[in-house]
Amino acid sequence: MCGRFTLASPAQAVAAALGLPDFPALPPRYNIAPTQAVAIVRGAPVPEVALTRWGLVPGWTKDLARLPLLINARAETAAEKPSFRAPLRSRRCVVPADGFYEWTGAPKARRAIYFTLADGAPFALAGLWDRWLSPDGSELESCAILTTAPNALLARYHDRMPAILPRERIAAWLDPELRDPARVSALIDSYPAEAMRERAVGPTVHSARNEGPGCVEPA
DNA sequence: CCAGACGTTGTT
DNA sequence: GTCTGG
DNA sequence: CCAGACGTTGTT
DNA sequence: GTCTGG
(Lines give C-alpha, C1' and ligand atoms only; values in the text may rest on other atoms or scores of the structure.)
Protein backbone atom coordinates (compact mmCIF):
# COMPACT_ATOMS: atom_id res chain seq x y z
CA MET A 1 0.00 0.00 0.00
CA CYS A 2 1.12 3.52 0.31
CA GLY A 3 1.06 5.35 3.61
CA ARG A 4 3.95 7.78 3.34
CA PHE A 5 5.62 9.44 0.35
CA THR A 6 7.91 12.22 -0.82
CA LEU A 7 7.76 15.20 -3.15
CA ALA A 8 10.98 17.15 -3.05
CA SER A 9 11.76 17.67 -6.74
CA PRO A 10 11.95 21.15 -8.26
CA ALA A 11 8.63 22.43 -9.61
CA GLN A 12 9.99 22.37 -13.14
CA ALA A 13 10.81 18.66 -12.88
CA VAL A 14 7.32 17.91 -11.55
CA ALA A 15 5.71 19.84 -14.39
CA ALA A 16 7.83 18.00 -16.95
CA ALA A 17 7.08 14.58 -15.50
CA LEU A 18 3.34 15.25 -15.45
CA GLY A 19 3.20 16.98 -18.81
CA LEU A 20 1.97 20.24 -17.27
CA PRO A 21 2.81 23.73 -18.48
CA ASP A 22 3.88 24.61 -14.95
CA PHE A 23 3.66 23.55 -11.35
CA PRO A 24 3.80 25.71 -8.21
CA ALA A 25 6.94 25.80 -6.10
CA LEU A 26 6.20 23.88 -2.90
CA PRO A 27 8.41 23.24 0.11
CA PRO A 28 10.34 19.98 -0.38
CA ARG A 29 8.68 17.15 1.50
CA TYR A 30 10.36 13.91 2.54
CA ASN A 31 7.70 12.58 4.86
CA ILE A 32 4.18 13.26 3.67
CA ALA A 33 1.82 11.49 6.06
CA PRO A 34 -1.92 10.83 6.27
CA THR A 35 -4.03 13.86 7.32
CA GLN A 36 -1.41 16.25 5.98
CA ALA A 37 -1.85 18.59 3.02
CA VAL A 38 -1.23 16.88 -0.31
CA ALA A 39 -0.98 18.59 -3.70
CA ILE A 40 -3.23 17.09 -6.34
CA VAL A 41 -3.70 17.82 -10.02
CA ARG A 42 -7.25 17.59 -11.31
CA GLY A 43 -9.44 18.62 -14.19
CA ALA A 44 -9.01 18.87 -17.93
CA PRO A 45 -8.17 20.10 -20.45
CA VAL A 46 -6.41 22.61 -18.21
CA PRO A 47 -5.47 20.82 -15.01
CA GLU A 48 -5.38 22.76 -11.77
CA VAL A 49 -3.34 22.14 -8.65
CA ALA A 50 -5.09 22.03 -5.28
CA LEU A 51 -3.98 21.28 -1.74
CA THR A 52 -6.12 18.63 -0.10
CA ARG A 53 -6.13 16.58 3.07
CA TRP A 54 -4.76 13.06 2.65
CA GLY A 55 -7.61 10.84 3.80
CA LEU A 56 -10.71 11.01 1.63
CA VAL A 57 -13.88 12.27 3.28
CA PRO A 58 -16.95 11.27 1.23
CA GLY A 59 -19.35 14.11 0.57
CA TRP A 60 -22.12 12.40 2.53
CA THR A 61 -20.10 11.92 5.70
CA LYS A 62 -22.05 12.97 8.78
CA ASP A 63 -19.57 12.30 11.54
CA LEU A 64 -15.97 12.96 10.62
CA ALA A 65 -14.74 11.55 13.92
CA ARG A 66 -16.16 8.12 13.17
CA LEU A 67 -14.80 7.91 9.65
CA PRO A 68 -11.74 5.69 9.26
CA LEU A 69 -8.82 7.30 7.50
CA LEU A 70 -9.33 6.53 3.81
CA ILE A 71 -5.82 7.13 2.50
CA ASN A 72 -5.91 4.33 -0.08
CA ALA A 73 -8.52 2.81 -2.36
CA ARG A 74 -8.16 -0.61 -3.92
CA ALA A 75 -8.34 -0.11 -7.68
CA GLU A 76 -10.02 -3.50 -8.12
CA THR A 77 -12.99 -2.62 -5.92
CA ALA A 78 -13.20 1.18 -5.84
CA ALA A 79 -16.00 1.26 -8.42
CA GLU A 80 -18.25 -0.70 -6.05
CA LYS A 81 -17.41 1.05 -2.79
CA PRO A 82 -19.82 3.76 -1.66
CA SER A 83 -16.95 5.97 -0.56
CA PHE A 84 -15.08 5.78 -3.85
CA ARG A 85 -17.70 5.13 -6.51
CA ALA A 86 -18.61 8.70 -7.34
CA PRO A 87 -15.04 10.03 -7.04
CA LEU A 88 -13.82 7.27 -9.39
CA ARG A 89 -16.40 8.30 -11.93
CA SER A 90 -16.02 12.04 -11.79
CA ARG A 91 -13.34 13.18 -9.35
CA ARG A 92 -10.11 11.53 -10.38
CA CYS A 93 -6.83 13.29 -9.77
CA VAL A 94 -3.13 12.60 -9.81
CA VAL A 95 -0.89 13.00 -6.81
CA PRO A 96 2.63 14.12 -7.74
CA ALA A 97 5.35 12.21 -5.89
CA ASP A 98 8.99 11.34 -6.34
CA GLY A 99 9.18 8.40 -3.97
CA PHE A 100 7.19 6.40 -1.45
CA TYR A 101 7.88 4.24 1.56
CA GLU A 102 6.83 0.73 2.48
CA TRP A 103 7.44 -0.89 5.84
CA THR A 104 8.57 -4.44 6.33
CA GLY A 105 9.50 -6.75 9.18
CA ALA A 106 8.10 -7.74 12.54
CA PRO A 107 6.51 -5.09 14.77
CA LYS A 108 9.65 -4.65 16.87
CA ALA A 109 12.00 -4.66 13.89
CA ARG A 110 10.17 -2.52 11.37
CA ARG A 111 12.29 -1.11 8.56
CA ALA A 112 11.25 1.40 5.94
CA ILE A 113 12.12 0.87 2.29
CA TYR A 114 12.15 3.85 -0.05
CA PHE A 115 11.02 3.35 -3.64
CA THR A 116 11.72 5.68 -6.55
CA LEU A 117 11.79 5.52 -10.32
CA ALA A 118 15.10 4.33 -11.70
CA ASP A 119 15.83 7.75 -13.17
CA GLY A 120 14.75 9.59 -10.03
CA ALA A 121 12.06 11.52 -11.89
CA PRO A 122 8.79 12.55 -10.26
CA PHE A 123 5.73 10.52 -11.16
CA ALA A 124 1.94 10.57 -10.98
CA LEU A 125 0.05 8.49 -8.46
CA ALA A 126 -3.55 7.77 -9.44
CA GLY A 127 -5.85 9.43 -6.93
CA LEU A 128 -9.41 10.32 -6.08
CA TRP A 129 -10.69 13.45 -4.37
CA ASP A 130 -13.92 14.62 -2.81
CA ARG A 131 -15.41 17.70 -1.20
CA TRP A 132 -17.14 17.69 2.17
CA LEU A 133 -19.23 20.44 3.68
CA SER A 134 -18.63 20.48 7.39
CA PRO A 135 -21.42 21.31 9.85
CA ASP A 136 -19.78 24.67 10.53
CA GLY A 137 -20.09 25.55 6.85
CA SER A 138 -16.45 25.17 5.86
CA GLU A 139 -15.37 23.06 2.90
CA LEU A 140 -12.87 20.25 3.16
CA GLU A 141 -11.23 18.81 0.07
CA SER A 142 -9.52 15.49 0.54
CA CYS A 143 -7.89 12.73 -1.48
CA ALA A 144 -6.96 9.03 -1.54
CA ILE A 145 -4.31 7.13 -3.50
CA LEU A 146 -5.26 4.03 -5.47
CA THR A 147 -3.43 0.79 -4.86
CA THR A 148 -2.94 -2.19 -7.15
CA ALA A 149 -1.11 -5.51 -7.29
CA PRO A 150 2.61 -5.21 -6.59
CA ASN A 151 5.30 -5.62 -9.22
CA ALA A 152 8.17 -8.02 -8.56
CA LEU A 153 10.15 -5.37 -6.68
CA LEU A 154 7.34 -4.44 -4.30
CA ALA A 155 6.16 -8.03 -3.94
CA ARG A 156 9.27 -8.77 -1.90
CA TYR A 157 7.77 -6.62 0.83
CA HIS A 158 4.06 -6.24 0.28
CA ASP A 159 0.98 -7.49 -1.47
CA ARG A 160 0.04 -4.02 -2.70
CA MET A 161 1.64 -1.00 -4.29
CA PRO A 162 0.44 2.50 -5.16
CA ALA A 163 -0.90 2.91 -8.70
CA ILE A 164 1.68 4.87 -10.72
CA LEU A 165 0.33 6.27 -13.98
CA PRO A 166 2.75 6.20 -16.91
CA ARG A 167 2.98 9.69 -18.31
CA GLU A 168 1.02 8.81 -21.44
CA ARG A 169 -1.98 7.78 -19.33
CA ILE A 170 -2.21 10.88 -17.15
CA ALA A 171 -4.40 12.88 -19.53
CA ALA A 172 -6.83 9.98 -19.96
CA TRP A 173 -7.04 9.51 -16.18
CA LEU A 174 -7.88 13.19 -15.70
CA ASP A 175 -10.37 13.33 -18.57
CA PRO A 176 -13.83 14.07 -17.10
CA GLU A 177 -15.51 12.60 -20.19
CA LEU A 178 -14.18 9.20 -19.26
CA ARG A 179 -16.85 7.69 -17.02
CA ASP A 180 -16.99 4.03 -17.93
CA PRO A 181 -15.57 2.17 -14.89
CA ALA A 182 -14.06 -0.54 -17.08
CA ARG A 183 -12.14 1.99 -19.14
CA VAL A 184 -11.09 3.84 -16.01
CA SER A 185 -9.72 0.73 -14.35
CA ALA A 186 -7.95 -0.26 -17.58
CA LEU A 187 -5.61 2.69 -16.95
CA ILE A 188 -4.36 1.18 -13.70
CA ASP A 189 -1.51 -1.31 -13.74
CA SER A 190 1.52 -2.34 -11.73
CA TYR A 191 4.39 -0.11 -12.77
CA PRO A 192 7.29 -2.14 -14.29
CA ALA A 193 9.76 -3.28 -11.65
CA GLU A 194 12.69 -2.72 -14.03
CA ALA A 195 11.92 0.99 -14.04
CA MET A 196 12.06 1.29 -10.24
CA ARG A 197 14.68 1.26 -7.50
CA GLU A 198 14.54 0.56 -3.79
CA ARG A 199 16.72 1.32 -0.82
CA ALA A 200 16.46 0.69 2.89
CA VAL A 201 16.36 3.91 4.91
CA GLY A 202 16.88 4.67 8.58
CA PRO A 203 14.30 5.11 11.30
CA THR A 204 13.86 8.89 10.90
CA VAL A 205 10.87 8.47 8.61
CA HIS A 206 9.02 6.33 11.13
CA SER A 207 7.70 9.35 12.97
CA ALA A 208 5.45 11.60 10.92
CA ARG A 209 6.80 14.51 12.97
CA ASN A 210 10.18 14.17 11.28
CA GLU A 211 10.81 15.97 8.02
CA GLY A 212 13.79 16.61 5.77
CA PRO A 213 16.32 14.74 3.62
CA GLY A 214 17.35 12.63 6.62
CA CYS A 215 14.22 10.58 5.97
CA VAL A 216 15.63 9.16 2.75
CA GLU A 217 19.19 8.60 3.94
CA PRO A 218 20.29 4.99 3.42
CA ALA A 219 20.12 2.86 6.54
C1' DC B 1 -41.24 1.35 2.85
C1' DC B 2 -37.40 3.02 6.42
C1' DA B 3 -32.90 2.28 8.77
C1' DG B 4 -28.31 1.82 8.61
C1' DA B 5 -24.02 1.28 6.53
C1' DC B 6 -20.67 3.21 3.80
C1' DG B 7 -12.79 1.55 4.60
C1' DT B 8 -7.83 -0.19 3.95
C1' DT B 9 -3.91 -2.33 5.74
C1' DG B 10 -1.22 -5.50 8.46
C1' DT B 11 -0.83 -8.88 11.95
C1' DT B 12 -1.82 -13.18 14.35
C1' DG C 1 -5.92 -2.97 23.18
C1' DT C 2 -7.58 0.95 20.60
C1' DC C 3 -7.96 5.44 19.18
C1' DT C 4 -5.93 9.94 17.69
C1' DG C 5 -2.45 12.88 15.63
C1' DG C 6 0.90 13.77 12.18
C1' DC D 1 1.90 4.46 7.41
C1' DC D 2 3.93 4.81 12.55
C1' DA D 3 4.02 7.04 17.18
C1' DG D 4 1.95 8.21 21.13
C1' DA D 5 -1.71 8.78 24.15
C1' DC D 6 -4.91 6.69 26.94
C1' DG D 7 -7.47 10.72 33.26
C1' DT D 8 -9.82 13.31 37.05
C1' DT D 9 -9.95 16.74 40.51
C1' DG D 10 -9.08 21.04 42.57
C1' DT D 11 -6.76 25.30 42.71
C1' DT D 12 -4.84 29.64 40.79
C1' DG E 1 -25.51 10.25 -1.95
C1' DT E 2 -26.50 5.35 -2.76
C1' DC E 3 -26.86 0.72 -1.72
C1' DT E 4 -28.22 -3.23 1.31
C1' DG E 5 -30.95 -5.49 4.81
C1' DG E 6 -35.16 -6.20 7.04
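Lettering follows sequence order; numbering is per chain, from 1. Here the structure is a predicted model, which is why all the values come from computation and not from measurement.
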Given the P atoms of dC2(D) and dT11(B), what is the spacing between them in whole Å?
7 Å
Please list residues of residues 201-219 of chain A whose heavy atoms come under 4.0 Å from any atom in DNA chain D, ordered by number; otherwise none.
His206(A), Ser207(A)
Could you list the donor-acceptor pairs under 3.5 angstrom formed by side chains in residues 183-196 of chain A, with sequence neighbours left out?
| residue | atom | partner | partner atom | Å |
| --- | --- | --- | --- | --- |
| Ser185(A) | OG | Pro181(A) | O | 3.1 |
| Ser185(A) | OG | Ala182(A) | O | 3.1 |
| Ser190(A) | OG | Ala149(A) | O | 2.6 |

Checking side chain to side chain contact (heavy atoms under 4.5 Å, CB included) against Ile71(A), which of Pro34(A), Ser142(A), Cys143(A) comes through?
Pro34(A)
Evaluate the side chain to side chain contact (heavy atoms under 4.5 Å, CB included) criterion for residues Leu64(A) and Trp132(A): first the C-alpha distance (whole Å), next the side-chain angles of each, then the deciding distance (0.1 Å), finally the verdict.
CA-CA 10 Å; Leu64(A) 192 56; Trp132(A) 180 70; 3.8 Å; yes
Asp98(A): partners by salt bridge (Lys or Arg N to Asp or Glu O under 4.0 Å), with sequence neighbours left out:
none
Taking the P atom of each, how far is dG5(E) from dG7(B), in whole Å?
13 Å
Regarding Asn31(A), tell me which of base, sugar-phosphate or nothing describes its non-hydrogen contacts under 4.0 Å with the strands shown.
nothing
Per side chain to side chain contact (heavy atoms under 4.5 Å, CB included), Trp54(A) is matched among Leu70(A), Val95(A), Ile145(A), Leu69(A) by Ile145(A)
Rounding to 0.5 Å, atoms OG1 (Thr116(A)) and CZ (Arg199(A)) come to a distance of 7.0 Å
For a quick check of understanding: with a heavy-atom distance under 4.0 Å over all strands, which category does Gly55(A) fall into, base, sugar-phosphate or nothing?
nothing
Residues Ala17(A) and Pro122(A): closest non-hydrogen pair is CB-O, 3.3 Å
Indicate, with a heavy-atom threshold strictly under 4.0 Å, whether Phe84(A) touches base, sugar-phosphate, or nothing.
sugar-phosphate
Joining Ile, Leu, Val, Met, Phe, Trp and Tyr whenever any side-chain heavy atoms lie under 4.5 Å apart, the cluster holding Leu51(A) also takes in none
Which residues pass the salt bridge (Lys or Arg N to Asp or Glu O under 4.0 Å) test with Glu80(A), not counting sequence neighbours?
none
For nucleotides dT9(D) and dC1(B), find the distance between their P atoms and express it as a whole number of Å.
49 Å
Residue Glu168(A) excluded, over 12 heavy atoms near CD under 6.0 Å:
yes
Residue pairs meeting salt bridge (charged side-chain N to carboxylate O under 4.0 Å, His left out), one or both in residues 18-45 of chain A, sequence neighbours left out, come to Arg29(A)-Glu211(A), Arg42(A)-Glu48(A), Arg42(A)-Glu141(A)
Run the salt bridge (Lys or Arg N to Asp or Glu O under 4.0 Å) test against Arg160(A) and tell me which residues pass, sequence neighbours left out.
Glu76(A)
Positional range of nucleotides in DNA chain D within the contact set of chain A, heavy-atom, under 4.0 Å:
dC1(D) to dA3(D)
Salt bridge (Lys or Arg N to Asp or Glu O under 4.0 Å) involving Arg66(A) - partner list, sequence neighbours excluded
Asp63(A)
Select base, sugar-phosphate, or nothing to describe what Leu69(A) touches, counting heavy atoms under 4.0 Å on all strands.
base
Please state the P separation for the pair dC3(C) and dA5(B) - nearest whole angstrom.
16 Å
Hydrophobic cluster mates of Val201(A), side-chain heavy atoms under 4.5 angstrom, ILVMFWY only, any path?
Tyr30(A), Tyr101(A), Trp103(A), Tyr114(A), Val205(A), Val216(A)
In which stems does DNA chain C show up, taking only runs of three or more Watson-Crick or G-U wobble pairs whose two distances fall under 3.5 Å?
C:1-6 with D:1-6
How would nucleotides 1-6 of chain E be written as a contact map, 5' to 3', with B for base contact, S for sugar-phosphate-only contact and - for no contact, using protein heavy atoms under 4.0 Å?
B-S---
Could you tell me whether Pro107(A) contacts a base, only the sugar-phosphate backbone, or nothing, with contacts defined as non-hydrogen atoms closer than 4.0 Å?
sugar-phosphate
Reckon Thr61(A) touches a base, only the sugar-phosphate, or nothing at all at heavy-atom distances under 4.0 Å?
nothing
